[in-house]
Amino acid sequence: MSTTTLAPTNTSTLGFGCVTDADCGFVACTGDRGLDSATCVGAMVSPRQDGVCTCATRARFFIGIGIYIAVLLAIAVYARMETKRSLLPKADRLRDHFMASSSFGTFVMVLSLFSTAFSGYTVVGVPEEASRLGYPAMRWLTIGVFVNIGALVIYPRLRQVGLARRYNSPTDLVGDRFNCNSLRLLTSLALVIPLFIYTTVQFIALADIIEGLSLGRIQRQTAASMLCGVIIVCEVMGGQRSVTISDTVQASIMMAAFLVMPFVLVYFYGGLPDIVEPNCPRSHRLADGTFAGCVAYNRPWIIQTPTVTSSCDVQNNLTDTSCYAGFNESAYQPPINPNTDPDFQHVALSMLMFNLNGMAFGLNPHFLQKVFAAKSDLVLKRSLMLLTVAALVTNLPSLYYGFVRVAAMPDAEGSAFSVVTGKMIDRGGFSEIVAVIASCSALAAIMSTADSAIIGANNLLTVEWVKNFLWRGASPQQIEYVSKGFTVGFAICALIFSFNVDKIPFAALFNLQNSFVWQPAPTFFAALYSDRVAAHPLLYGQIMGLIVCLTIATRDGGEFVVPSGFIGLAVNVSVVALTQLGLSATGSLFASDDTRRYDLMDTGVVSQYGSCRLTADYVGRHIMKGTDEPLMRRRNQGLVLLAILLIILGHPWYAKPYTDQSVSSGVTQWAVVYFVCYMFAVALITYVYSTWGCSEMGSKAEPSRTPEASVSRRPSAAPSDSCANGGAATPLVSDDEAESY
């Protein structure tokens with residue numbers, strides 16, 4: 001970055017001019033609204049500050065991004081070489097490509113889960129929401145508790161079953177358990193939809209960051225397209241191994257940026273007490289007599305109580321006019337009016353629905369793949385426990401980013417992350433270096449999530465639709481080519497779609513994503529816990545739930561306050577229950593998977609799973625034998641309910657909307673209560689995870705039902721008991737000891 005003092009001229013066309021040093025050459029500055037609003041053209045520049053015309057080359061930003069991309073490509077090449085050197089038989093390489101053969105220890109798994117969980121939603125969505133709504137953006141912090149609660153229900157059993165039965169994809173559970181072609185295919189397709197939304201969000205975030213930090217020199221579509229190409233190359237070359245190893249590098253960058261950048265911002269702008277409260281040190285009087293420089297002046301509603309369950313839109317004659325705050329839209333840039341903006345209506349209720357909706361997030365296939373990639377149950381347990389508290393490292397700095405933008409640069413164009421990081425780059429020196437690292441960390445968070453989502457979708461389409469259905473006789477090499485084609489096609493489709501939905505708030509897209517994930521949830525639950533529900537009732541319920549979600553998502557106005565996923569889930573479960581009762585009452589063959597003779601999977605596909613037919617009873621009695629499941633204890637069930645209740649009670653239910661709140665150290669009273677409830681909930685969930693009784697040992701795969709269909713990762717023992725007598729095909733015995741990193 002280089003700066004020069006202004007050399008004013010009387011030229012009516014330019015207003016004033018300035019000459020920069022050799023780094024930027026001559027720069028002509030125009031100031032249509034006076035010197036304070038001047039922008040410089042002829043080089044990448046920033047508005048005039050403190051009597052100087054600032055020329056920002058952003059060269060170090062591009063150098064940093066270039067180095068980062070080079071490292072990702074090098075990792076992809078390394079992962080490709082490792083795969084070629086693998087001693088696995090060709091039939092097992094597909095599983096290795098998607099699941100990494102359960103080979104990662106705690107250190108790698110923690111960083112991989114971290115970089116996958118915290119994505120464009122965190123980097124771009126949270127700061128932007130904080131700059132608009134204020135402390136209600138803390139819902140992105142508390143949702144981590146609900147995500148981990150959902151994981152507690154599914155992960156302990158799914159991991160053990162998947163390893164014992166040699167699953168190549170997360171939805172192998174559905175085919176193995178129900179032996180129903182249509183249910184397996186629908187479930188896999190239903191899980192691809194949220195992954196498509198998730199990938200789309202990542203491309204929107206990538207485009208926003210690159211366009212903003214390049215000062216518009218790289219257009220949104222160009223930026224997203226270039227990085228989409230990098231993601232495709234990495235996934236095609238290295239598969240899950242490349243994704244997981246690159247996740248560790250990306251997570252390391254993210255951790256460094258999230259820990260250091262807030263201290264740099266505090267140095268220049270002060271902490272929350274210095275930028276939030278009225279009469280903060282940054283406050284100053286404007287020419288019209290009003291004050292600015294503090295969050296309380298630039299966005300006064302942030303230090304007030306949000307709306308609860310009602311709408312305060314008096315212009316459209318909605319339900320409640322008592323909470324009208326009288327905000328003048330023209331007073332805020334960009335224009336914001338809480339009285340008419342939908343984001344400001346029934347905020348407390350929206351926060352609660354957002355949190356509850358997050359319980360389905362763990363069923364996203366790219367997360368389920370990580371469950372199988374862990375070397376042991378203990379590795380997965382440790383990783384999820386650390387992930388429970390990792391939100392503090394990511395979301396709190398993201399909230400602070402939004403407040404800095406509101407206090408110091410409320411009129412700047414662009415997302416909160418791009419604006420604040422760009423200012424740090426323009427300052428030069430150490431702050432520029434840290435800001436460049438933060439920029440790389442943002443791209444790392446987004447790209448790591450995008451490649452995980454793409455390989456998750458690829459996994460479902462390749463294994464379930466091609467290998468197990470459309471092209472059963474395909475060779476491993478042919479399947480590999482098809483897999484690469486799916487990667488390219490899925491990524492390009494999501495990229496194109498992102499060009500048309502980039503104005504939708506991230507919170508709305510997140511709710512929509514989880515709404516679709518909810519619909520296969522009853523199928524997964526029944527597969528692991530109940531033998532009373534057959535495949536076809538689950539199929540009909542899932543179809544109706546998806547129809548409801550699609551109908552609400554495409555209607556005018558989009559989502560209700562209650563997410564479409566909850567409405568679809570209610571319809572889904574009702575259809576399942578009524579259909580099961582009706583089929584049982586009429587004696588239909590479809591009432592039980594033991595009597596159904598239609599819609600069965602190919603015997604060659606079924607035979608790969610194990611020598612016994614899978615039932616929920618078999619899972620509980622034999623596969624989970626020796627594992628202490630956390631939610632099987634009544635005390636833990638009570639603690640989970642208590643954690644949920646604490647966060648519910650912590651929401652801002654208790655005051656009239658837009659009433660002033662007492663502010664302590666820059667935090668409103670209701671936000672303090674909410675945060676305290678969150679910390680207690682984190683402690684409770686962490687304790688529940690700690691009771692997951694598992695060892696550092698892996699599980700052996702069961703023998704195939706026919707030797708020809710076996711795709712076992714390693715030799716397995718002969719069956720110890722008869723399946724007909726309810727015995728396990730293979731006792732769970734220890735395997736190679738898990739390596740601790």
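Count residues from 1 along the sequence.
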query: F510 vs F354 aromatic rings, parallel, tilted or perpendicular, using cut-offs 30° and 60°?
result: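 F510 and F354: tilted rings.
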- prompt: Between F469 and W465, what is the ring plane arrangement, given parallel below 30°, perpendicular above 60°, and tilted in between?
  reply: perpendicular
First locate atom [atom1] of [X], then atom [atom2] of [Y], and finally report the distance between them rounded to the nearest 0.5 Å.
| X | Y | atom1 | atom2 | answer |
| --- | --- | --- | --- | --- |
| I685 | I644 | CD1 | CD1 | 7.0 Å |
| D451 | C228 | CG | SG | 11.5 Å |
| I154 | L368 | CD1 | CG | 8.5 Å |
| R621 | T615 | CZ | OG1 | 9.5 Å |
| L509 | T200 | CG | OG1 | 8.0 Å |
| L460 | Q369 | CG | CD | 7.5 Å |

Any donor-acceptor pair under 3.5 Å from [X] side chain to [Y] backbone:
| X | Y | answer |
| --- | --- | --- |
| N511 | P563 | no |
| D593 | A535 | yes |
| S452 | T449 | no |
| N181 | M601 | no |
| Q160 | P156 | no |
| D172 | S169 | yes |
| N514 | G565 | no |
| S188 | L185 | yes |
| N148 | G144 | yes |
| T462 | N459 | no |

field: salt_bridge(R159, D377) N-O dist < 4.0 Å
entry: yes
- prompt: Would the F516 and Y198 ring centres measure less than 6.0 Å apart?
  reply: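 Distance test on ring centres: not under 6.0 Å, no.
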query: Any chance the rings of F490 and F486 have centres within less than 6.0 Å?
result: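 When the ring centroids of F490 and F486 are compared, they turn out to be at least 6.0 Å apart.
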[X] side chain near [Y] side chain, heavy-atom distance below 4.5 Å:
| X | Y | result |
| --- | --- | --- |
| V145 | V682 | yes |
| R177 | T523 | no |
| Y529 | V153 | yes |
| N572 | P522 | yes |
| F525 | V533 | no |
| F680 | L642 | no |
| I446 | F203 | no |
| L380 | W692 | yes |

Step-by-step side-chain contact (heavy atoms from CB on, under 4.5 Å) determination, I455 to H366: CA-CA 7 Å; I455 197 173; H366 67 299; 5.6 Å; no
task: Let me see the working for F566 and N357 under side-chain contact (heavy atoms from CB on, under 4.5 Å), right down to the final yes or no.
output: CA-CA 8 Å; F566 291 164; N357 204 14; 4.0 Å; yes
query: Just by distance, with hydrogens left out, do N458 and S483 show a side-chain donor and acceptor under 3.5 Å apart?
result: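 The answer is yes; a qualifying pair exists.
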message: Pair D628, T691 - check side-chain contact (heavy atoms from CB on, under 4.5 Å), show working.
response: CA-CA 8 Å; D628 191 356; T691 64; 5.8 Å; no
- request: Take L141 and L396 through the side-chain contact (heavy atoms from CB on, under 4.5 Å) test and state the conclusion after the steps.
  value: CA-CA 8 Å; L141 184 68; L396 288 181; 4.1 Å; yes
Which atom pair, heavy atoms only, marks the closest approach of [X] to [Y]?
| X | Y | answer |
| --- | --- | --- |
| F178 | A527 | CE1-CB, 3.7 Å |
| V619 | L528 | CG1-O, 4.3 Å |
| Y609 | N468 | OH-ND2, 4.1 Å |

- request: Mind running ring pair (Phe, Tyr, Trp, His ring centres under 6.0 Å) on Y155 and Y689 for me, showing each step along the way?
  value: CA-CA 11 Å; Y155 287 3; Y689 265 103; 8.7 Å; no
